Amino acid sequence: MTDKPSAPAKSHGRKAIRPTLKPRELMTPTPDLAGVWKVKILTLFPTAFPGVLGESLTGKALQEGLWQLETIDLRQFGVGKHRNVDDTPAGGGAGMVLRPDVLGNAIEHAMEGMRGNWPLIYLSPRGRRMDQKMMQNLARCDGMTLLCGRFEGVDERVLEHYGIQEVSLGDFVMTGGEIAAQALIDATVRLIPGVLGNQASTEEESFSSGLLEHPQYTRPAEWKGHEIPEVLMSGHHGKIAEWRHQMSEEITKARRPDLWESYNRTKDAS
């Protein structure tokens with residue numbers, strides 16, 4: 001029989017400012033903001049969040065309530081006196097595997113009361129590789145719950161029972177899913193309206209049109225013998241757009257033949 005959680009999950013985001021004698025860090029987590037995109041993270045290392053997500057534009061948007069983040073400590077759902085969360089692999093082998101009873105209780109706690117389009121995702125090298133299309137779809141969801149694995153991974157029955165989607169940062173293995181989760185969140189949150197401020201930024205960047213982004217330049221006009229291409233200084237917006245598209249095509253063709261082939265198929269189909 002598993003123990004009940006000993007402490008509430010920790011939320012990050014906008015805080016209402018009210019008079020209080022209690023230090024802010026000792027206050028209870030902030031309530032959900034209606035209609036705001038939210039991510040819940042199941043992890044053994046809740047203090048790893050928000051991490052870099054708390055900086056720059058994503059951090060500002062988090063504080064302003066444009067999105068929300070909640071960490072849920074898997075250790076709270078551990079078994080026994082020492083709150084064990086893992087056990088040896090069935091059939092033998094190296095490492096440890098996260099237990100299904102521990103994960104099941106944590107997932108059900110996290111998903112309780114969730115409504116709408118709310119995917120449950122496990123960060124795993126076996127999963128579909130992240131791409132811009134995935135981020136665009138996730139940004140249109142109501143929120144998502146991420147499971148960060150550790151050790152040798154999670155009991156397969158958990159993935160099957162809850163229909164969990166497996167998503168990969170790339171074709172390599174990491175010690176856990178926390179860094180991959182932060183990458184997934186960052187790439188998704190920046191697509192939420194208002195986070196970047198200028199919506200055109202997301203429309204002109206790499207992958208949005210199926211191509212890699214064109215080169216970027218800024219002042220000074222000459223640096224160490226290198227000059228900004230003359231067309232960019234011409235003020236002729238039509239020629240600038242044409243040059244940028246041409247550069248995107250050339251870079252994509254040279255660096256990512258797979259994307260170039262896909263781009264041409266899509267262009268021919270339309």
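Everything numeric here is computed off the predicted structure, so don't read it as measured data. Any value given below was found using the heavy atoms of this structure, including those in side chains, with hydrogens, waters and symmetry copies removed. Positions are given from 1, in the same order as the sequence printed here.
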Looking at [X] and [Y], would you say the former's side chain and the latter's main chain have a donor-acceptor pair under 3.5 Å?
{"X": "Arg83", "Y": "Gln76", "answer": "yes"}
{"X": "Ser262", "Y": "Asp258", "answer": "no"}
{"X": "Thr252", "Y": "Leu212", "answer": "yes"}
{"X": "Ser168", "Y": "Arg126", "answer": "no"}
{"X": "Asn117", "Y": "Asp142", "answer": "no"}
{"X": "Glu70", "Y": "Lys38", "answer": "no"}
{"X": "Trp67", "Y": "Gly143", "answer": "no"}

For Glu227, what residues pass the salt bridge (charged side-chain N to carboxylate O under 4.0 Å, His left out) criterion, not counting sequence neighbours?
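Expected list: none.
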How would you list, by chain and number, every residue that makes a salt bridge (charged side-chain N to carboxylate O under 4.0 Å, His left out) with Glu108, sequence neighbours excluded?
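With sequence neighbours excluded, Glu108 shows a salt bridge (charged side-chain N to carboxylate O under 4.0 Å, His left out) to no residue whatsoever.
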Identify whether Phe77 and Met111 are in the same connected component of the hydrophobic contact network (ILVMFWY, side-chain heavy atoms under 4.5 Å).
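Yes; Met111 is reachable from Phe77 via cluster members.
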Find out if a path of hydrophobic residues (ILVMFWY) with successive side-chain heavy-atom gaps under 4.5 Å connects Val97 to Leu147.
no
What are the two closest non-hydrogen atoms of [X] and [Y], and how far apart are they?
{"X": "Ala139", "Y": "Leu191", "answer": "CB-CB, 3.9 Å"}
{"X": "Val85", "Y": "Gly78", "answer": "CG1-CA, 4.1 Å"}
{"X": "Cys148", "Y": "Leu74", "answer": "O-CD1, 4.3 Å"}
{"X": "Glu213", "Y": "Ile251", "answer": "O-CD1, 4.0 Å"}

How many angstroms lie between [atom1] in [X] and [atom2] in [Y], if you round to the nearest 0.5 Å?
{"X": "Ile121", "Y": "Lys40", "atom1": "CD1", "atom2": "NZ", "result": "14.5 Å"}
{"X": "Lys267", "Y": "Arg265", "atom1": "NZ", "atom2": "CZ", "result": "13.0 Å"}
{"X": "Leu138", "Y": "Gln136", "atom1": "CG", "atom2": "CD", "result": "10.0 Å"}
{"X": "Leu66", "Y": "Gln68", "atom1": "CG", "atom2": "CD", "result": "10.5 Å"}
{"X": "Arg129", "Y": "Leu169", "atom1": "CZ", "atom2": "CG", "result": "10.5 Å"}
{"X": "Glu166", "Y": "Leu123", "atom1": "CD", "atom2": "CG", "result": "10.0 Å"}

Min side-chain heavy-atom separation [X]-[Y] under 4.5 Å:
{"X": "Leu53", "Y": "Leu62", "value": "no"}
{"X": "Leu42", "Y": "Thr145", "value": "yes"}
{"X": "Val158", "Y": "Ile107", "value": "yes"}
{"X": "Leu211", "Y": "His214", "value": "no"}
{"X": "Glu152", "Y": "Asp86", "value": "no"}
{"X": "Val154", "Y": "Ser124", "value": "no"}
{"X": "Gln165", "Y": "Leu120", "value": "no"}
{"X": "Leu146", "Y": "Tyr122", "value": "no"}

Give a yes-or-no answer on whether the side chains of Gln246 and Glu242 include a donor-acceptor pair shorter than 3.5 Å.
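The criterion, which ignores hydrogens and geometry beyond distance, is not satisfied for Glu242 and Gln246.
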Should the heavy atoms of other residues, nucleotides or ligands under 6.0 Å from CH2 of Trp118 be counted, would the total exceed 12?
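Atom CH2 in Trp118 is packed in, count exceeds 12.
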May I ask you to check whether over 12 heavy atoms, not counting those of Glu222, lie within 6.0 Å of atom CD?
yes
Does any pair with a residue in residues 47-62 pass side-chain hydrogen bond (donor to acceptor under 3.5 Å, both in side chains), and if so which ones, sequence neighbours excluded?
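Residue pairs with at least one partner in residues 47-62: Lys60-Glu64.
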When you look at Leu44 and Arg75, which way does the side chain to side chain contact (heavy atoms under 4.5 Å, CB included) test go after all the steps?
CA-CA 6 Å; Leu44 286 169; Arg75 190 70 66 179; 4.1 Å; yes
Would Val189 and Leu69 satisfy side chain to side chain contact (heavy atoms under 4.5 Å, CB included), going step by step from the backbone distance to the final call?
CA-CA 11 Å; Val189 165; Leu69 182 154; over 6 Å; no
Side chain to side chain contact (heavy atoms under 4.5 Å, CB included) between Tyr263 and Glu249, worked out
CA-CA 9 Å; Tyr263 170 75; Glu249 288 192 333; 3.3 Å; yes
Quick one, Arg157 with Asp155, criterion salt bridge (Lys or Arg N to Asp or Glu O under 4.0 Å). Give me CA distance, side-chain angles, the key distance, then yes/no.
CA-CA 5 Å; Arg157 293 170 293 180; Asp155 190 298; 2.7 Å; yes
Donor-acceptor contacts under 3.5 Å from residues 170-186 side chains, at least two apart:
from: Glu178; atom 1: OE1; to: Arg150; atom 2: NE; distance (Å): 3.1
from: Glu178; atom 1: OE1; to: Arg150; atom 2: NH2; distance (Å): 2.8
from: Glu178; atom 1: OE2; to: Thr43; atom 2: OG1; distance (Å): 2.7
from: Gln182; atom 1: NE2; to: Ala48; atom 2: O; distance (Å): 2.8

Let's go through Arg255 and Trp260 carefully: what are the C-alpha distance in whole Å and the side-chain angles of both, what is the deciding distance for side chain to side chain contact (heavy atoms under 4.5 Å, CB included) to 0.1 Å, and is it a yes or a no?
CA-CA 9 Å; Arg255 301 184 185 180; Trp260 178 246; over 6 Å; no
With sequence neighbours excluded, what pairs up with Phe151 under the ring-ring contact (aromatic ring centres under 6.0 Å, His included) test?
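Listed in chain order: nothing, the list is empty.
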Going by side-chain heavy atoms closer than 4.5 Å, which hydrophobic residues are tied to Val231, directly or by a chain of links?
Tyr217, Ile228, Leu232, Met233, Ile240, Trp243, Met247
